[in-house]
Number of protein chains: 2
Amino acid sequence: MTRNAAEQPPASPQTPSRREQILGAAAELFARYGFHGVGIDDIGAAVGVSGPALYRHFRSKDAMLGEMLTGISEKLLRGGRARTASTANPAEALESLVRWHIEFALTNSALITVHLRDLDSLTEPDRHRVRELQRGYVEVWVRTLLTVRPELDEDTARASTHAVLGLINSTPYSARLDTGTMSALLHRMAMGALGTEPRPR
Amino acid sequence: MTRNAAEQPPASPQTPSRREQILGAAAELFARYGFHGVGIDDIGAAVGVSGPALYRHFRSKDAMLGEMLTGISEKLLRGGRARTASTANPAEALESLVRWHIEFALTNSALITVHLRDLDSLTEPDRHRVRELQRGYVEVWVRTLLTVRPELDEDTARASTHAVLGLINSTPYSARLDTGTMSALLHRMAMGALGTEPRPR
DNA sequence: CAACGTTGTTAGTGATCGTTAACGTACTTA
DNA sequence: TAAGTACGTTAACGATCACTAACAACGTTG
């Protein structure tokens, strides 16, 4: 039986760089023009091959978006869990979450944009999975926030979380300050929005 | 000469309700599926007529999006200017801007979503016009913010503005609290993010 | 060397979709 | 009543686009 290269990424240790190169280029294009606004030929051209060559690496255009968004969502959740698990102090955990999301947003602004924009272009199973991961990530935030500020009810904590994530995710629309300054600014603003005083140093 | 109904909205006083009804339905659909993800037939079905009947009211699908986004941008800018013009005290003006944007976002969440998402699907002249209006609106914020906090440089003020707008624009992703509570929460968080209270040190 | 898997090419196919054409109908008005 | 206008309808056209078919070059390996 002939192995189809367009299936799941090989569980083998060595990941062929080509898939990720394609996903990277596709992410930039999707971020700029939207999933439906980008053609297969455009993506191919962006990586130096033309058109249907991509089907040697991905089953379909939908599969590209699916892998892209599930990948980012898993990474985000994993990072969030790691930050909160490694910190006993809740206030520090919250600050750690803020730092994590800022770092992530500044490093992967194209993916953030696609994530906000083209979630509904996913196939049903992929969309379901991504929503689940998203929910999990928000839940990490909500639980941490509720520990720090027990006077909040859960819906308020959830809305606050969405608001702070929206604040940090605004990065792709700014990007005029250098990374360090931007990171510090977002950190200060996020903590201010969450109503926690900047921790004395 | 036969007057073409698909031209500019009649300068006459009475605006036919049909155009706005169509724009409203289209906004909801665009918000949910993206501009390229919605067909003309879908929009028609949403208002009870089927398909090409819309060309009696709009020159093209692009024209719908164009009118939608220039409309919202103009309204936003006009409202922003009005709020700042009617207030002498800068701190109050800033708070007024926050309140205005919150009210606007809560009332027009579909349009906010489309505005963030499908700006690049506009035709070149429309996109140019919308960008201009956007820039003007941000400028109102930046100037007000710089008056309240003169220690900020302009780029920081601009990035802060984008961040606060991102915070408020997160509304479409939450929407679990009732309007009043949500409005109050966003107001508190926005002001906190802007650091209006005296900063220690 | 021969068989094969990998990765690319170009040409074509079927579906979708925005748009136009041709036509029908009801309401207003001279 | 006749003409005109507003607002629909269905059918078809043309372009775009995701995807497939058929084929080729090349490195690896038995």
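Just so you know, these numbers use all the heavy atoms, side chains as well, and skip hydrogens, waters and symmetry mates.
The salt bridge (charged side-chain N to carboxylate O under 4.0 Å, His left out) check on A:Arg131 picks up A:Asp120, with sequence neighbours excluded. With sequence neighbours excluded, the residues forming a ring-ring contact (aromatic ring centres under 6.0 Å, His included) with B:Phe104 are B:Trp100, listed by chain and number. Annotation: side-chain hydrogen bond (donor to acceptor under 3.5 Å, both in side chains) contacts of B:Thr156 (sequence neighbours excluded): B:Asp153. Taking the side-chain contact (heavy atoms from CB on, under 4.5 Å) definition, one finds that B:Ser60 meets it with B:Asp62, B:Ala63, sequence neighbours left out. Applying the side-chain contact (heavy atoms from CB on, under 4.5 Å) criterion to B:Thr107, with sequence neighbours excluded, gives B:Glu103. Residues forming a side-chain hydrogen bond (donor to acceptor under 3.5 Å, both in side chains) with A:Ser174 (at least two apart in sequence, or on another chain): B:His162.
For the pair B:Tyr55 OH and D:dG8 C1', the computed distance is 15 Å after rounding to whole Å. Regarding A:Leu54, its CG atom lies at a distance of 9 Å from the P atom of C:dG8, rounded to whole Å. Taking atom CD1 on B:Ile22 and atom C1' on D:dG8, their separation rounds to 12 Å, with Å as the unit. Across the protein-nucleic acid pair, A:Lys61 atom NZ and D:dC19 atom C1' stand 12 Å apart, rounded to whole Å. What separates CZ of B:Arg19 from C1' of D:dG8 is a distance of 17 Å, to the nearest Å.
When the side-chain nitrogen and oxygen atoms of A:Arg59 are compared with OP1 and OP2 of D:dC19, none of them lie within a distance under 4.0 Å. Listed pair A:His57 / C:dT6 fails the phosphate criterion, with no side-chain N or O lying under 4.0 Å from OP1 or OP2.
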Show me, pair by pair, the donor-acceptor contacts under 3.5 angstrom made by side chains of residues 70-80 of chain A, not counting sequence neighbours?
from    : atom 1 : to       : atom 2 : distance (Å)
A:Thr70 : OG1    : A:Gly66  : O      : 2.8
A:Thr70 : OG1    : A:Glu67  : O      : 3.3
A:Ser73 : OG     : A:Leu69  : O      : 2.7
A:Ser73 : OG     : A:His115 : NE2    : 3.3
A:Glu74 : OE2    : A:Arg129 : NH2    : 2.9

Please list, one pair per line, the donor and acceptor atoms closer than 3.5 Å that link side chains of residues 26-35 of chain B to other protein atoms, with sequence neighbours excluded.
none

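Listed in residue order, the members of residues 25-36 of chain B having a heavy atom less than 4.0 Å from DNA chain D come to none. Within a heavy-atom distance below 4.0 Å of DNA chain C, the residues of residues 37-48 of chain B found are B:Val38, B:Gly39, B:Ile40.
For B:Asp118 and B:His36, the side-chain atoms include no donor-acceptor pair closer than 3.5 Å.
Evaluation of the side-chain hydrogen bond (donor to acceptor under 3.5 Å, both in side chains) test over residues 183-193 of chain B, restricted to residues two or more places apart or in two chains, returns B:Glu95-B:His187.
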Protein heavy-atom contacts under 4.0 Å, written 5' to 3' over nucleotides 24-29 of chain D as B (base), S (sugar-phosphate only) or - (none), form the string ------

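Distance check, rounded to the nearest 0.5 Å: OG of B:Ser160 to CG of B:Leu146 gives 9.0 Å.
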